[in-house]
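Scroll down for the structure; my scribbles are underneath it.
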Amino acid sequence: MLKTVTRAPDVRDPLAAALVAAAAMAWLFTGDFGKEVLSEVAVFAIFAMSLDLLVGCAGLVSLGHAAFFALGAYAVAAFGVFVNLPMWMAMPLAVAVTAVAAAAAGFFAVRLGGVFFIMMTLAIGQMVYAFFLNSRAFNADDGMAGIGRVDFSFLALDSGEPAVFSAFAVCAAVAVFLLLRMVARSPFGHTLAALRRNEPRLRSLGCPVLRCKLAAFTLAGALAGFAGALAAQHNGFISPDLAFWTVSGEVLVMVIVGGMGSLSGAALGAALVILLRHHLAGLTEFWVFYLGVLFVLMVLFAEGGVAGMLSRLPRKLHRRGGNV
Amino acid sequence: MVFLIQLLNGLQLAALLFLLSVGLSVVFGLMRFINLAHGTLFMFGAYLGVACAAAFDSFWAAFFLAPLLVAAGGAALYGILLRHIRRKSPMQQVLVTFGLIFIGFDVARMVWGRFPYSIAEPAVFAGGVQIFGQVYPAYRLFLIALGIAVMAALYLGLEKTRIGAMVRAGVDNRRMAAALGINVERVFFFVFCLGCGLAGLAGVAAAPVFPVFPGMDMPILILALIVVVVGGPGSLKGAMFGSLLVGLADTFGQVVFPEFAAATIYALMAAVLMVRPTGLFPAATVH
Amino acid sequence: MFEARGLKKSYGALAVVRGVSLSVAAGERHGIIGPNGAGKTTFFNLLSGEAAADAGEVCMDGINLGKSPPDARARAGLGRSFQHNSLFAGLTVAENLAIAIAQRKKLYKIFWRGFLSRTEVFAEALDRAHRLGLGAQAHTRAAHLSHGAMRQLEIGLTLALRPKVLLLDEPTSGMSPEETAAIKNLIRRLPEELALLVIEHDMDVIFDLASHITVLDYGEVLMRGAPAEVRASPAVRARYLGMG
Ligand SMILES: Nc1ncnc2c1ncn2[C@@H]1O[C@H](COP(=O)(O)OP(=O)(O)OP(=O)(O)O)[C@@H](O)[C@H]1O
Ligand SMILES: [Mg+2]
C-alpha cells in the first residue's frame, strides 16, 4: 500500500471494479439461491476486509475476529428482538456495542507482542463463544430465531426478497470498502503499515503505537460487528457457532487466500471461499480438510494470495507477448 | 469436603495441562515457535490410545504406545513441514500450524467419525479411593501422580543432564549457545519431539476421563496457551505454576460462578498480563 | 537540560550499566567512548526508554521521564539513532522520511484524508533526502541502499523528528572515509541549541566534534573531561586508546 507514496497515487483498483461488476452480474442473472449466496459473499467480504485492516495493514494477526462478528449479530438480535427496535436503529447500536467490546478486548491484546497477541485473540474468541454458549438469555447453544431485516418499505421494497437484501448487502460492502480504503490511505493507515514493517523504530520516532493499534483493533472489531449484524438479518437466526474458532479461521483463510493488504483481495477471498464451500459441500463431507490444505499452501507459497497472482499476471502476459 | 474434592479435580486438570503446555512452552522459549497444532497432537494421542487399547485390549499398551506414535508423528511433521518454515516470519509459522488444526480436525472425522469414543481405565485404578470420607476415582489420582512424576523427571533431566544444560543454554540465549558449539537445531528437534510425545501422553491419559471426539483439542489448546502466557514461556516453573493456576481457577470457577466459568480463566489471564506482560516466570526474554 | 542520575541495568547476573550519571546542556556536544561491551548502547537504551532501568532516573528540562515509553520520550524531544540500522526496509528513502515527519507532526491522528495529499510532508522528505546526500536515491528502497547510505538514512529518520536532545549510536560505523566526512559535516550543521550525545569508535570524529567526553568501561564512568584531557589520560590510554 505504501509503495505508492510520492509516486502517482494508484486510484484505480481493477480488482475491486471487477468484483463490483461480478456482483452486479450475479444480481442480474442469478435466481433467488444465487442472490442468497451473493448476500453471504457480501457479508463475509465486509468481515474479511475488516480483518484485513488488522492483518494486512497493521500486521496484527487475529485468530479471534469471529468474536466481534458474533457480538454484532447477538447485539442486533438483542436490540431487535428484546428491545423491539427497528433494524435501522438496532444496527448502529450493535456496531457501537461491538466497538466498545473491541476496544475493551484490544486494551489487553495490543500491548502483547507477536505470538502473545495471536494467543490472546484466540482466547478472546473462545471466551465470547463460551459466553454465548452458556447464556440463558440467548438460549445457550440453541441460539435464537426470528430476527427481522431492515425495513425498506419507504421505498416500497420488501427486504425479505433476496434481490433487495442482496443489493443492500453489496452496497454495504462497497461502502465498507470505501471507508477502509480511505483509512488505509490516510496518514493513520500509512502509520499502521509502518508499524507492521518495524514497530520498534516507529515507536522510537514518537508514534504512540499502542493507541494506533487499539484504534485499528476497535475499528476492525466494529466493522466485523457490522458484518455480524448483517449476517443475523440475512439468516434470521443466531447461534454461538458464529463465534466459534473455525469462523475466525475461515475469515483469516479468506484474507490470506484472497491476498492481504489490498482490501479487494480480502473481498475476493470471501467470494472464492464461499463459492468453493458451496461447491465442495456437495462433493465431500470433509470440506474443512481441503480448506486447511489450501490455507497451508497459500501461506507457504503464495504470500500475495490470489490477488497477488492476478496482479502479476498482466506483467507476465506482457513479457511473453514481447518475446514473440 | 466439596472443597477438597474440587481441589483434587483442579489438580487433575492441572496435571493434564502441564503435560500439554510444557512442550509448547519450552519449544517457544527455545525457538520462538508456537505450534498451534499441539492440541491436535493431544487429540491424536487420545485417538491412537483408543485404537491401541482396542488392538491390544490393554490400557497400558495404549498408554505407552500412543505417546511414542505421536512423537513419531511430530518428528515427521517437523521433517516434512516445520523444518522448512523455520526461516519464515513468526506470523507465517503460526498460520501454518493453525492450518494444521483444520486438517487434523477433519482427518479425525474421516478416520474415526464424529461420535465420541473413550478408553476404559485400567483395572488397577478402576475403583474409587476413600479420601476424607469421600469416594474419589482412583484413576484421577493416578493422573495427578503422573503429572508430578513427569514434572520431576523433566526437572531432573533439565537440571542434571547434558542435553538439559543445552536446552537451558538455548532458552537463555540462542545465539550464545550456538556460538558455544551447541547444535541448537538438533536440541530443538529433540525438545519438539519430546513435547509432542508429552501431548500424546496427555491425550491418552485423558481418554478415560474426557470424551474423545473431533474438536476435543480446541478447548484444551486454549487452556494450554493460557498456561504458557500466564506462566511465562520457556520455563518449567512457568508451565508448572501456570498449570496449577489455570487448572484450579477453571475448576473452582465452574463451581463458584457456573454462568461465567469460562470468564474466570480469561480474567485471570488478563490480570496476570496486566501486571506482568511476559507472564509470571518468563525464562526467555521476549523481544 | 538533559540529565541521567545513577542509571543501573543488569541482564541476569551481568551488570551492564552500573550507576552512570551524566548531564548535557543545550548546545553541548558530548562524546561517549568505551571498549566493546562497555554498556554504551545499553546506556542509550535506558535514556531513550527502550530498556527499563533497574535504578536511577532520567530528566529532561527538569521533568522526570520516569517509566515513560520510548514514544512518549520521542514526543518530548528525545531522538535517537540505532547502532544497527532500523529502517522501514520495504519503503523508499523518501517514504521512510515521510513516515518520520508524519510522526513529528502527529499526523497518525488523521484517518479521513489521504496521506499523499499532504504535499508539504513529501516536499520536506525530499528536501531532507537531499540534505542527507541521498537526493539521487530518494526513490530507492531502503533495503537496496549501500551500507553507508543506510547509516545516513538511519540518522536522517531521527533528525526528521527535530529533537531537542539527540542520541547517536556510532553514526559512522562501517563507513568509508568520505561518508564519515559527510556525517561529520551533517553533525556540524545541526542546530546550535541541540544537545548531542554521540557514541563513537572513530577517535578522529569524536575528538573533532565533542566538547566533552565520557569514557565508559564495564558499565561505569572511567573518566570525564575535555577531549584534550581524555586524550592525555594514562588510564584511558591504557584501557582504550592503546587497544584501538
Ligand atoms: N538484551 C540483552 N540481554 C542480555 N545481555 C545484553 C543485552 N543487551 C546487552 N547485553 C550485554 O551487555 C553488554 C553491553 O552491551 P552494549 O551493547 O551496551 O555494549 P556497547 O558498549 O554498546 O558495545 P559495542 O561497542 O560493541 O556496541 C554486552 O556484554 C552484551 O552482551
Ligand atoms: Mg553498542
Side-chain angles (χ1 to χ4, degrees), chain A residues 55 59-61 63-64 104-105 107-109 111-137 140 196 200 244-246 248-250 252-253 255-256 260 284-300 303, chain B residues 24 28 32-34 36-37 81 84-85 88-110 114 214-215 217-219 221-226 228-229 233 254 257-267 269-271 273-274 277-279 286-287:
Chain A
V55 179
L60 297 168
V61 178
L63 296 184
F107 179 78
F108 292 105
R111 56 197 65 226
L112 303 176
V115 182
F116 285 81
F117 175 83
I118 296 179
M119 290 197 266
M120 188 68 160
T121 56
L122 192 58
I124 289 168
Q126 287 304 99
M127 179 159 69
V128 169
Y129 172 69
F131 176 78
F132 287 128
L133 197 63
N134 292 323
S135 79
R136 294 213 191 97
R196 179 185 78 229
F244 201 49
W245 67 271
T246 51
S248 298
E250 211 170 278
L252 191 60
V253 172
V255 172
I256 305 265
M260 57 182 171
T284 169
E285 195 190 334
F286 304 108
W287 136 258
V288 174
F289 176 82
Y290 296 102
L291 192 69
V293 172
L294 178 68
F295 183 62
V296 169
L297 290 178
M298 292 306 273
V299 171
L300 287 180
E303 269 174 59
Chain B
L24 209 54
F28 181 73
R32 296 287 172 285
F33 172 79
I34 198 97
L36 289 182
L81 189 60
H84 303 290
I85 59 172
K88 301 251 177 189
S89 71
M91 179 168 125
Q92 281 172 310
Q93 295 176 5
V94 172
L95 290 179
V96 165
T97 63
F98 187 64
L100 292 179
I101 301 182
F102 281 77
I103 298 174
F105 175 79
D106 249 13
V107 166
R109 276 205 314 147
M110 276 181 220
R114 54 167 71 244
D217 50 336
M218 274 324 262
L221 171 71
I222 304 286
L223 287 184
L225 290 177
I226 293 175
V228 174
V229 171
Q254 305 211 8
F257 328 96
E259 279 265 319
F260 297 99
T264 24
I265 294 296
Y266 301 103
M269 174 170 79
L273 288 180
M274 278 299 97
T278 51
V286 180
H287 291 291

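Order of the sequence lines sets the chain letters (A, B, ...), proteins ahead of strands, with each chain counted from 1.
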Could you look at [X] and say if it's the side chain, the backbone, both or neither that has a heavy atom under 4.5 Å from chain B?
X: A:Phe289; answer: both
X: A:Leu133; answer: neither
X: A:Leu294; answer: neither
X: A:Leu252; answer: side chain
X: A:Leu291; answer: side chain

Who wins among A:Val61, A:Val253, A:Ile124 for the most heavy-atom pairs under 4.5 Å with chain B? A:Val61
Among the options A:Val288, A:Leu122, A:Val55, pick out the one with the most heavy-atom pairs lying under 4.5 Å from chain B. A:Val288
Examine whether an atom of [X] lies under 4.5 Å from a heavy atom of chain A, and if so say whether it belongs to the side chain, the backbone or both; otherwise answer neither.
X: B:Leu95; value: both
X: B:Met110; value: both
X: B:Leu81; value: side chain
X: B:Val94; value: side chain
X: B:Ile85; value: side chain

Hey, are the side chains of B:Phe98 and A:Trp245 touching, using non-hydrogen atoms and a 4.5 Å cut-off?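 With C-beta onward as the side chain, the pair touches.
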Taking the side chain as C-beta and beyond, is there a heavy-atom pair between A:Leu63 and B:Leu36 under 4.5 Å?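 The answer is yes, as the side chains (C-beta and beyond) meet within the 4.5 Å cut-off.
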Enter the distance from [X]:[atom1] to [Y]:[atom2] here, rounded to the nearest 0.5 Å.
X: B:Asp106; Y: A:Glu285; atom1: CG; atom2: CD; value: 8.0 Å
X: A:Tyr129; Y: B:Ile222; atom1: OH; atom2: CD1; value: 11.5 Å
X: B:Gln92; Y: A:Leu300; atom1: CD; atom2: CG; value: 7.5 Å
X: B:Ile265; Y: A:Gln126; atom1: CD1; atom2: CD; value: 13.0 Å

Step through the shown structure and confirm whether more than 12 heavy atoms of other residues, nucleotides or ligands are within 6.0 Å of CZ on A:Phe107. no
A:Trp287 ring center near B:Phe102 ring center (under 6.0 Å):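 They do not qualify: ring centres at least 6.0 Å apart.
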Nearest heavy-atom approach of B:Val96 to A:Val296 is O-CG2, 3.8 Å
Most chain A-contacting option - heavy-atom pairs closer than 4.5 Å, from B:Gly99, B:Gly215, B:Gly104: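 The option with the most such pairs is B:Gly99.
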